[in-house]
Structure formats: C-alpha cells, structure tokens
Amino acid sequence: MALTAVVRIPTRALLRPWARLRDSALGWMEPVGGVEVSTQRFGSQRVLVEPASAAGVAVMTFKNPPVNSLSLELLTELVINLEKLENDKTFRGVVLTSDCPGIFSAGLDLTEICGRNPAHYAEYWKAVQEMWLRLYLSNLMLVAAINGACPAGGCLMSLTCDYRVMADNPKYAIGLNETLLGIVAPFWFKDTLVNTIGHRASERALQLGLLFPPTEALQVGMVDRLVPEDQVQSTALSVLAQWMAIPDHARQLTKNMMRKPTADGLLKKRDEDIQNFVSFISRDSIQKSLQMYLAKLRQKKG
Ligand SMILES: CCCCC/C=C\C/C=C\CC/C=C/CC(=O)SCCNC(=O)CCNC(=O)[C@H](O)C(C)(C)COP(=O)(O)OP(=O)(O)OC[C@H]1O[C@@H](n2cnc3c(N)ncnc32)[C@H](O)[C@@H]1OP(=O)(O)O
C-alpha cells in the first residue's frame, strides 16, 4: 500500500527570501503558505526523501555525485527537506544516508571555498551554519547511516545526528581532517566533536586531522555501531524503532537541554563567525593550501 502523508508548509518558512528563492528553483514547493504536499516520495534534485515502511520514519538520501560534497545547492536542499519533515507532524525520525557508492559525504565543497569572492564565501558559510543549526537542534530523531567515507563536513553532519551506524569497511574513514588541508575546524565543529568523544580525544583528533577507520571510530565513540555494509540502513531503521518507544516530548526536551548551550555558542555570534571565516579563507596562504589539496585530489586518478 502506498504511504502518503500531508506536509503543511508554514507561510513563515516561505517568507525567508533565501528559502523562497531556493524553493522555487527546486520546483516541488508551491510559493504559497499552507500548501498540502504528498510525501509519498518527495525531495529535490540532490536530496531524496522517502517514507520508510515503519510509520513516522523517513529516509533522506543525499545524491550529489560524485562525492556528495556539500555544495550550496545540497546544503539548501537539505535544510528545506528537513524543514518539510519537521512541519509534518507524522514524521518522528529520519535516517540520513548517501546514494554515492562508498562515500557518505566528502564534506564541504572545496570549489565553494576556493577561488571565489568574499560575498560568495559569506553566503556559503551562512548555509553551512544553517545546516548545522537545523540538524543539531532538530526535534526529529536523526540516525546517520554512514555507508562510506565521511571526512570533515561529512563527519560534522553525522555528528549532529543522535546515533551513528557505520559500514564496517576498513576502506572508509571518518573524522575532522581540516588541519590536513591547512585549515582550522571552527569552534562549533570542535564543540560538536567534544560533545561526542570528549575533550582529550578531540584535542588529539583535531590537531592531527585524524581520519578514523571504522574500528577506531567505534573505540573512540565517534560512531555508535559497526555493521556489514549491506546492513547499514536496515540497522539505522531498527535503531530508530527503539528510539521511537520514548515519548517525544520528554526526549525532545532532553535533547534540547543537552544541545542548546552548544548551539547558542554559534547563534550568539553568527555574523562574527561569518566574518572570521571570510577573512580566514580569503588569505592567500589558505587559498594556496586549498588549491594544492584540490590539485592533489584531481591528480590522484591520472
Ligand atoms: C584562528 C582562526 C580560525 C578561524 C577559523 C574560521 C573559519 C574556519 C575556516 C575554514 C573551515 C572550513 C571547513 C571545512 C570542512 C570541510 O569539509 S573541507 C573538505 C574536506 N574534505 C576532504 O578532505 C575530502 C576530500 N576528498 C576525498 O578524500 C576523496 O575524494 C573521497 C571523499 C575519499 C572519495 O575518494 P574517491 O577516490 O572515491 O574520489 P576522488 O578523490 O577521485 O574524487 C572524485 C572527484 O570529486 C572531487 N572532490 C572530492 N572531494 C571534494 C570536495 N570536498 N569538494 C569538491 N570536490 C571534491 C575530486 O577532486 C574529484 O574531482 P575530479 O578529479 O574533477 O573528478
């Protein structure tokens, strides 16, 4: 039987200019408030959302080949689709996963932070902040089904989830490897990691830019469970089923109590953080490091 539900999109969401712009570009959302939308299978070009067979659960799949890099478009679509799920009170949990074989997400799209102008850097960073804030503070239960490599921004995205299931394949690795690129993980990336694996382990992991293979990631607490590759999504769904047994209001208030102080750290100085990012990333030395890193990635094949 086809699963359908109705999503009410509040006019408020459609009033934010950047959202309205993106929504109309995606073509699945009518630009009027209170529209009813079928969720039988929705989403957008780079983010597919499908209701799972269990009631109240959706699977959000990123499909931005070749490596699910977090381009401005992907970030925007992610936030819009998350908001859509949150506004539909029939959904309580979401599995986040990838459609790119062997890669969960390559992290921030390096072409967005290399060789562009300050206005672009500012717009992009605002979208990165928005993605983190929305996921980190989401009232939904989020489980990351990490079915591939998960560096930097990909790792950050998975760390915003309430639980992480990773494919037990030694070819994959997860971590905040920013220092290897000659850049610095911002304080809210660091805070998210510290909240997950603790201060000492974070200090070491961040300075060395460690990318942990699955067994080590489990040991350090960066992921919660390892399973064979073909069981990542089904395990994530069964984890969600367990979490669904907890009354939503109690779980949501608890999540908020645990996470709000960290999110407030960014909310209080969002603009300052954007300015810091723009001035840091615009430095010649940083741009050179990023260009060299990108060139190495591109040469790898040749
Ligand atoms: C004291 C002052 C402090 C102030 C601080 C203020 C602000 C902080 C400043 C900056 C913080 C910015 C934070 C950044 C976080 C990030 O996420 S940076 C991105 C890091 N990502 C990576 O390092 C991953 C790089 N990619 C890989 O390792 C591999 O690609 C892979 C994911 C493991 C997949 O490997 P595979 O062999 O399958 O594929 P290829 O490597 O051949 O890649 C295919 C294709 O894709 C391109 N590509 C890969 N990754 C990215 C990327 N992240 N962005 C853009 N493009 C990417 C690659 O170049 C290939 O392209 P092609 O050759 O043209 O086909």
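For ligands, and for the atoms within them, numbers begin at 1 and follow the listed sequence. Please read all numbers here as calculations on a predicted model, not as lab measurements.
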For ligand 1, is any non-hydrogen atom under 4.0 Å from [X]'s backbone (N, CA, C, O), its side chain (CB onward), both, or neither?
X: Leu181; value: side chain
X: Leu70; value: neither
X: Asp273; value: neither
X: Pro151; value: side chain
X: Ile183; value: side chain
X: Val67; value: side chain

Residue pair Met222 / Glu216, side-chain heavy-atom distance below 4.5 Å: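 No, their side chains stay 4.5 Å or more apart.
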Donor-acceptor under 3.5 Å (Tyr172 side chain, Cys150 main chain):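 No.
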Polar side-chain atom of Asp162 near backbone of Leu142 as donor-acceptor pair, under 3.5 Å: yes
Does ligand 1 come near enough to [X] that some N or O of the ligand is less than 3.5 Å from an N or O of the residue?
X: Gly153; result: yes
X: Ser69; result: no
X: Lys300; result: yes

Verify same cluster id: Ile103, Leu75 (apolar side-chain graph, 4.5 Å):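 Unlinked, Ile103 and Leu75 end up in two clusters.
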Please work out which of [options] has its closest non-hydrogen atom nearest to [atom].
atom: atom 33 (C) of ligand 1; options: Ala149, Ala185, Ser105; answer: Ala149
atom: atom 22 (C) of ligand 1; options: Tyr293, Phe277, Phe280; answer: Tyr293
atom: atom 50 (N) of ligand 1; options: Ala106, Gly148, Ser279; answer: Ala106

Which ligand 1 atoms, with their elements, are less than 4.0 angstrom from a heavy-atom of [X]?
X: Asn177; result: 22 (C), 23 (O)
X: Arg298; result: 59 (O), 63 (O)
X: Val184; result: 8 (C), 9 (C), 10 (C), 11 (C)

Derivation of the side chain to side chain contact (heavy atoms under 4.5 Å, CB included) call for Met141 and Arg251: CA-CA 9 Å; Met141 289 164 264; Arg251 187 198 52 77; 3.3 Å; yes
Closest contact, heavy atoms only, Ile281 versus Leu290: CD1-CD1, 3.9 Å
Closest non-hydrogen atom pair between Leu140 and Gly93, with its separation: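 Residues Leu140 and Gly93, closest heavy atoms: CD2-N, 4.1 Å.
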Salt-bridge criterion met for Glu130 and Arg270 (N-O under 4.0 Å):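 Answer for the salt bridge query: yes.
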Ion pair check, Asp264 and Lys260, cut-off under 4.0 Å: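 Yes.
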